[in-house]
Amino acid sequence: MMASSYSAKEEDGHHSGSAAAGGPGAGKSRKPDNTAFKQQRLPAWQPILTAGTVLPAFFVIGLIFIPIGIGLFVTSNNIKEFEIDYTGDDLNSPCYRCSQTYSWNDSCKCSVPFSLDQPFESNVFMYYGLSNFYQNHRRYVKSRDDSQLNGDKSSLTSPSKECDPYRISDKKPIAPCGAIANSLFNDTLELYYIYPNGTKTFIPLVKKGIAWWTDKHVKFRNPAGNNDNLTITFKDTTKPVNWHKPVYELDPTDPDNNGFINEDFIVWMRTAALPTFRKLYRIIQKNKDNLTPTLPRGNYSLEIAYNYPVRSFDGRKRMILSTISWMGGKNPFLGIAYITVGSVCFFLGVVLLVIHHKYGNRSNNADIPN
């Protein structure tokens, strides 16, 4: 390696002689400064990809990803899940009569019988599911007032303009305002176990603990004051257009689950990313002192207060019963993705190994001219 010396000033366009005295080179140079950054002399590391480094990387990725993917896939398949569609669009469906309404204010009751072939152990989570409902629409997502939902009194009486056209009704501010709150899912689902002799017993459903902790205790709050009397707090507001009752009557028997901090309301306000989605509705808790399954195999009845119309947007409604594992609910995609990536890497490793074994010696034996 040969070394050369130079003057930084000359390289930067500072010349001696006539240029310094106002000659042709006296103008300001456009050449970048003589720094390591501007002259691209910063230290850098560039890996040299050879067969000895690339092939082991492919095999290692394959050998790690494939077992992880198999484990995730098996875990997902071990989760028990049962789904029943109660939209009622079929003439023989028990909910067909209820499904013919387009109104939010007509309440109809129907009962859907079903049976479980396998018992459900541990806690069982009940979800409601909707299809063809685009909660991810831009205007729909923006149609809310987070300050109002956080208990700000000024926003309670003067909601954000983002809530239009669900901001004012009957010359009163709507609480909660916006399209998301206005379209709150309001079907009521109850589950009964049917004994072999035909008698039914109600299965207790837990309605608290279904919302995220941060939503329940941080993002959503009732307005302070009036000794926690929500009727007085919301007296200058009106209910959303499609609601049957005002927000302070969502759960009047439980002050910790009423108003803006009602967990059914909080769960709905967390919008879904896809048009087909499910949201947690209730939890069926296992009795720790009881050795019997939470939901034994047998016959059941789903009693529905059919309030939520879906015909207007060609939607569908479902009820889902599911157990969970350490990785959450049933979702085979992650396991399949790991297996696919690991298999592709392992296959490419084998192909490249064959190519290297067949043609690698030719490159090594080639004469490279000096």
Side-chain angles (χ1 to χ4, degrees), residues 37 40 42-83 116-127 129-131 135-136 141 209-215 218 267 270-281 283-286 288 293-295 318 320-366 368:
F37 176 76
Q40 300 184 12
L42 291 173
W45 176 79
Q46 182 178 0
I48 300 176
L49 301 179
T50 63
T53 58
V54 174
L55 293 179
F58 275 113
F59 285 116
V60 168
I61 293 175
L63 293 175
I64 292 177
F65 274 48
I66 291 176
I68 293 177
I70 293 175
L72 293 174
F73 187 75
V74 171
T75 302
S76 177
N77 284 345
N78 288 336
I79 297 174
K80 295 178 181 178
E81 188 171 291
F82 178 84
E83 181 175 313
L116 296 179
D117 298 329
Q118 293 181 339
F120 280 60
E121 307 288 346
S122 186
N123 291 342
V124 180
F125 295 82
M126 176 187 283
Y127 301 84
L130 291 176
S131 298
Q135 274 199 317
N136 58 354
V141 172
I210 61 176
W212 289 21
W213 189 92
T214 51
D215 288 350
V218 179
V267 169
R270 181 168 285 276
T271 54
L274 299 174
T276 298
F277 58 87
R278 63 175 63 175
K279 292 179 183 288
L280 186 58
Y281 181 69
I283 301 175
I284 307 173
Q285 292 183 339
K286 179 178 176 60
K288 296 182 179 179
T294 308
L295 293 179
R318 312 180 311 279
I320 304 103
L321 297 173
S322 176
T323 58
I324 63 171
S325 68
W326 59 269
M327 60 173 289
K330 192 178 185 68
N331 184 11
F333 172 78
L334 189 60
I336 294 174
Y338 267 88
I339 294 173
T340 302
V341 173
S343 301
V344 169
C345 289
F346 194 85
F347 174 75
L348 290 177
V350 172
V351 172
L352 294 176
L353 180 62
V354 172
I355 295 175
H356 175 68
H357 180 73
K358 188 173 182 179
Y359 300 104
N361 293 332
R362 296 184 184 180
S363 299
N364 293 335
N365 296 332
I368 302 176

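Values below: all heavy atoms of this structure, side chains included; hydrogens, waters and symmetry mates excluded.
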Donor-acceptor pair, side chain of [X] and main chain of [Y], under 3.5 angstrom:
X    : Y    : answer
T294 : S122 : yes
S76  : L72  : no
K286 : E121 : no
Q135 : A272 : yes

Return the minimal non-hydrogen interatomic distance between [X] and [Y], and the atom names on each side.
X    : Y    : result
Q118 : K80  : OE1-CE, 3.9 Å
L49  : V54  : CB-CG2, 4.0 Å
F120 : L321 : CE2-O, 3.8 Å

| Is it true that atom CG of D117 has more than 12 heavy atoms of other residues, nucleotides or ligands lying nearer than 6.0 Å? |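 Counting other residues, nucleotides and ligands, CG of D117 stays at 12 neighbours or fewer.
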
| query | Where do I79 and S325 land on the side chain to side chain contact (heavy atoms under 4.5 Å, CB included) test, with the steps shown first? | reply | CA-CA 7 Å; I79 297 174; S325 68; 3.6 Å; yes

| request: Kindly determine whether K330 and N77 satisfy side chain to side chain contact (heavy atoms under 4.5 Å, CB included), including the steps that lead there. | output: CA-CA 7 Å; K330 192 178 185 68; N77 284 345; 4.0 Å; yes

| Aromatic rings F346 and F59: how do their planes relate, parallel, tilted or perpendicular, breaks at 30° and 60°? |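 Perpendicular.
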
| task | Sort out for me which residue in I70, I68, I64, L63 forms a side-chain contact (heavy atoms from CB on, under 4.5 Å) with I66. | result |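 One option only clears the test, and that one is I70.
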
| field | side chain to side chain contact (heavy atoms under 4.5 Å, CB included) evaluation trace for T53 with T50 | value | CA-CA 5 Å; T53 58; T50 63; 3.5 Å; yes

| task | Determine, step by step, whether W213 and V218 satisfy the side chain to side chain contact (heavy atoms under 4.5 Å, CB included) criterion, reporting the C-alpha distance in whole Å, the side-chain angles of both residues, the deciding distance to 0.1 Å, and the verdict. | result | CA-CA 8 Å; W213 189 92; V218 179; 4.2 Å; yes

